[in-house]
Structures are given as structure tokens and as C-alpha cells.
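Presented below is the structure to which this report refers.
Basis for what follows: all heavy atoms, side chains included, without hydrogens, waters or symmetry-related copies.
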Amino acid sequence: MPKRRAPSYSLLPTERRNRATAGLDRLSLADLVKAISRENFAAARAVERAAPATAKAAALCAACFAAGGRIIFAGAGTSCRLGMLEAAE
């Protein structure tokens with residue numbers, strides 16, 4: 001059996017350093033809050049752009065679930081804990 005290579009997480013944008021928030025430890029409190037707020041708005045815009053694809057995926061999942069399929073949560077750390085909380089509801 002061939003040996004599997006570990007994924008290269010450094011290629012994922014979510015795992016790269018964010019230049020817009022470099023040096024947070026050296027900012028004033030007001031500038032720190034502004035930087036975090038600016039990044040929160042950027043995240044919200046990204047979610048808005050993905051809304052049509054997210055709605056399509058949700059509809060496909062709902063149809064599969066209605067047809068007797070299962071929902072399987074997978075994650076580690078916080079995402080795992082949130083998945084467990086969601087499953088418990």
C-alpha cells in the first residue's frame with residue numbers, strides 16, 4: 001500500500017498569516033478593535049458571496065436527510081465541540 005502524504009495546510013488561505021492583522025500586539029486598543037471589526041466585515045462579505053452555493057448545499061443535504069440519510073459531524077477542537085452541541089439538539 002502506498003504511503004499517504006500529509007496534506008499541505010500551508011497552501012490553504014485560512015492557514016496563512018493575515019497581513020492585515022500583523023502586529024496586533026503593538027496596536028492601541030482602539031486600533032485593535034478597528035482591525036478586528038474590519039476583518040469581521042470581510043468575513044461577513046465572504047459568507048454573503050457564498051450564500052447561493054450554501055443554500056444549494058443545504059437543500060441537497062435536506063433532501064438526502066428526508067430520504068433517510070444521516071448527518072455525520074466531523075471535526076477537531078472547537079468545531080468538534082460545536083458539532084456535538086448541534087447534534088445534541
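Remark: Arg38 pairs with no residue by the side-chain hydrogen bond (donor to acceptor under 3.5 Å, both in side chains) rule, at least two apart or across chains. The side-chain hydrogen bond (donor to acceptor under 3.5 Å, both in side chains) search around Ser37 returns none, not counting sequence neighbours.
Heavy atoms only, all atoms of each residue included: Leu24 and Leu32 are closest at CD2-CD1, 3.7 Å.
With hydrogens and angles ignored, the 3.5 Å screen pairs a side-chain donor or acceptor of Arg16 with a backbone N or O of Leu11.
For the atom pair NZ (Lys34) and CG (Leu29), the distance works out to 11.0 Å, reported to the nearest 0.5 Å. The distance from the CG atom of Asn18 to the CD atom of Glu39 is 4.5 Å, given to the nearest 0.5 Å.
Within a 6.0 Å sphere centred on CD of Glu15, heavy atoms belonging to other residues, nucleotides or ligands number more than 12.
Other cluster members for Leu82: Leu85, joined by side-chain heavy-atom distances under 4.5 Å among Ile, Leu, Val, Met, Phe, Trp and Tyr.
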